[in-house]
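The structure presented is a predicted model; accordingly, all values stated were derived computationally and were not measured.
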Amino acid sequence: MAMLPTHIKILDVGPRDGLQNEKENVPTDVKVALIDALTDAGCAAIEATAFVSPKWVPQMADAAEVMARIRRKPGVRYPVLTPNLKGFEAALAAGADEVAVFVAATEAFSKRNINCSIAESLERARPVFDAAKASRVRVRGYISVVLGCPYEGDVDPARVAEVAAALYAMGAYEVSLGDTIGTGTAGRTQALIARVSEQVPVAALAGHFHDTYGQALANVYAAMELGVATFDSSVAGLGGCPYAKGATGNVASEDVLYLLQGLGIETGVDLTKLRRAGRLISRHLGREPVSRVARALDAKEPLSDAA
């Protein structure tokens, strides 16, 4: 058995990545309650919101209010997405102390998603890195479609490595590798990480797996075998990708936590409290959580309404 990390950092992206494509507006009160519940559950980091144009992402129009109202806990990170300098400045004014930028691993996805080439997207990110450095704000880098693209198919790990190296060189303290459409497998995940880690230290890499083909947990395990110790996941399995037909949400945080607990790996996250956070948002959305662990435990050990 491969040597696995003894501690894994879970970054819950449900409040941002999970909710941003919901068609019906999620009230600010619900978003704040979700983030506070994830804080109480012990998540090391929670992607709180995004400072983007409300014209393009109306769900995130209340970003400043969310940041003003959440109950921050010392030691917990609350990164926010800032695709450009304007977004960064708004995030800084709202008290953000960590931001994230994103680029794609394929030209087709980049052009369809943000209407520019990969090189142009990196240049757009550069002023954010510069401003963040001047303000002592940490920057996290996201790369989309690292294992498969809805327009170009399989993605060459060498291309991903080039983009990751560019983000790391600009100052990203961590680069999250996103299987946006969920087509990756364990073998391809390890080939990707092996190639990218030639350019970026594995300690600075994170995994971000969607579960469209049911491979996300296998990919998490495969990544851990190569030393990756940070994973993005989404409470209740919230999320999806509007640019890829059939793409489901991020791997559910409850499912990742159950896997890690079974391996004796520390996370600091309480599964019961995490389930409670998932139930909170699922009830508001009017649907069951995607998480299989949450559904199984809800049937076996129903949660009481008492905190």
Stepwise side chain to side chain contact (heavy atoms under 4.5 Å, CB included) check, Thr106 with Arg159: CA-CA 8 Å; Thr106 70; Arg159 296 172 63 185; 3.9 Å; yes
Working for side chain to side chain contact (heavy atoms under 4.5 Å, CB included), residues Gln59 and Val26: CA-CA 7 Å; Gln59 191 66 255; Val26 178; 3.4 Å; yes
Side chain to side chain contact (heavy atoms under 4.5 Å, CB included) between Arg140 and Val175, worked out: CA-CA 6 Å; Arg140 191 173 197 252; Val175 178; over 6 Å; no
Stepwise side chain to side chain contact (heavy atoms under 4.5 Å, CB included) check, Ser110 with Cys116: CA-CA 6 Å; Ser110 185; Cys116 69; 4.3 Å; yes
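Here the closest non-hydrogen pair linking Ala91 and Val80 is CB-CG2, 3.8 Å. The two atoms that bring Val155 and Val145 nearest to each other are CG2-O, 3.3 Å, heavy atoms only. Closest heavy-atom contact between Ile114 and Ser121: CD1-CB, 3.7 Å. Scanning both residues, Ala277 and Val235, for their nearest heavy atoms gives C-CG2, 4.1 Å. Taking all atoms of both residues into account, the shortest heavy-atom contact from Val137 to Leu92 is CG2-CD1, 3.7 Å. Taking all atoms of both residues into account, the shortest heavy-atom contact from Ile193 to Ala223 is CD1-CB, 3.4 Å.
Salt bridge absent: Arg138 and Asp97 never bring a charged side-chain N and a carboxylate O closer than 4.0 Å. Glu65 has a carboxylate O that lies under 4.0 Å from a charged side-chain N of Arg69, or vice versa, which qualifies the two as a salt bridge. A salt bridge links Arg287 with Glu22: the distance from a Lys NZ or Arg NE/NH1/NH2 to an Asp or Glu carboxylate oxygen falls below 4.0 Å. At a threshold of 4.0 Å, the pair Asp40-Lys273 does not count as salt-bridged, since none of the basic side-chain nitrogens sits closer than that to a carboxylate oxygen. We find that Glu174 and Lys9 are joined by a salt bridge, their nearest charged nitrogen and carboxylate oxygen being less than 4.0 Å apart. Taking a cutoff of 4.0 Å between a charged side-chain nitrogen and a carboxylate oxygen, Glu288 and Arg279 do not qualify as a salt bridge.
For the 3.5 Å distance criterion, the side chains of Glu98 and Tyr173 qualify, holding a donor opposite an acceptor. With hydrogens and angles left out, the side-chain atoms of Tyr78 and Thr49 include no donor and acceptor closer than 3.5 Å.
Judged by distance alone, with hydrogens and angles left aside, the side-chain atoms of Gln199 form no donor-acceptor pair with the main-chain N or O of Ala164 at under 3.5 Å. The main-chain N or O of Ser234 is found under 3.5 Å from a side-chain atom of Ser253 such that the two form a donor-acceptor pair. Side chain of Thr230 to backbone of Ala206: no donor-acceptor contact under 3.5 angstrom is found. Proximity of a side-chain donor or acceptor of Ser291 to a complementary backbone N or O of Ala252 within less than 3.5 Å is not detected. Checking side-chain atoms of Asp36 against main-chain N and O of Arg71 turns up a donor-acceptor pair under 3.5 Å. Judged purely by atom type and a 3.5 angstrom limit, Glu152 uses its side chain to pair as donor or acceptor with the backbone of Ala108. Side-chain N or O atoms of Glu89 include none that pairs as donor or acceptor with a backbone N or O of Asn84 at under 3.5 Å. Of the possible donor and acceptor atoms, none in the side chain of Gln215 sits under 3.5 Å from a partner among the backbone N and O of Thr185. No donor-acceptor pair closer than 3.5 Å links the side chain of Ser197 to the backbone N or O of Val200. With hydrogens and angles disregarded, no donor-acceptor distance shorter than 3.5 Å links the side chain of Asn250 to the backbone of Ser233.
Leu38 CG to Ile46 CD1: the interatomic distance, rounded to the nearest 0.5 Å, is 5.0 Å. Going from atom CG of Leu81 over to atom CG of Asp17 covers 8.5 Å, rounded to the nearest 0.5 Å. Going from atom CE of Met67 over to atom CG of Asp62 covers 12.0 Å, rounded to the nearest 0.5 Å. Once rounded to the nearest 0.5 Å, the distance linking CD1 of Ile8 with CZ of Phe231 reads 5.0 Å. Atom CG of Leu192 and atom CG of Asp179 lie 9.0 Å apart (nearest 0.5 Å). Going from atom NE2 of His210 over to atom OG of Ser144 covers 8.5 Å, rounded to the nearest 0.5 Å.
Annotation: cation-pi pair Arg112/Tyr151 present, NZ/CZ under 6.0 Å from the ring centroid and within 45° of its normal.
Contact check for Leu19 versus Lys31: side-chain heavy atoms found under the 4.5 Å cut-off. Lys133 is not listed as a side-chain neighbour of Val139, based on a closest heavy-atom distance of 4.5 Å or more. By the 4.5 Å heavy-atom criterion applied to side chains, Val32 and Leu34 are not counted as neighbours. Using a 4.5 Å heavy-atom cutoff, the side chains of Ser176 and Ile143 are not in contact. Side-chain contact between Tyr142 and Asp232: present, with at least one pair of heavy atoms (C-beta onward) separated by less than 4.5 Å. In this structure, the side chains of His284 and Pro27 come closer than 4.5 Å at one or more pairs of heavy atoms. Residues Asp255 and Val290 form no side-chain contact, since every pair of their non-hydrogen atoms from C-beta on lies 4.5 Å or further apart. Using a 4.5 Å cut-off on side-chain heavy atoms (C-beta onward), His208 and Leu177 make no contact.
The environment of Phe129 atom CZ is dense: over 12 non-hydrogen atoms of other residues, nucleotides or ligands sit within 6.0 angstrom. Remark: Glu301 CD is packed, more than 12 non-hydrogen atoms of other residues, nucleotides or ligands lying under 6.0 Å away. Surrounding CZ of Arg295 are more than 12 heavy atoms belonging to other residues, nucleotides or ligands, all under 6.0 Å away.
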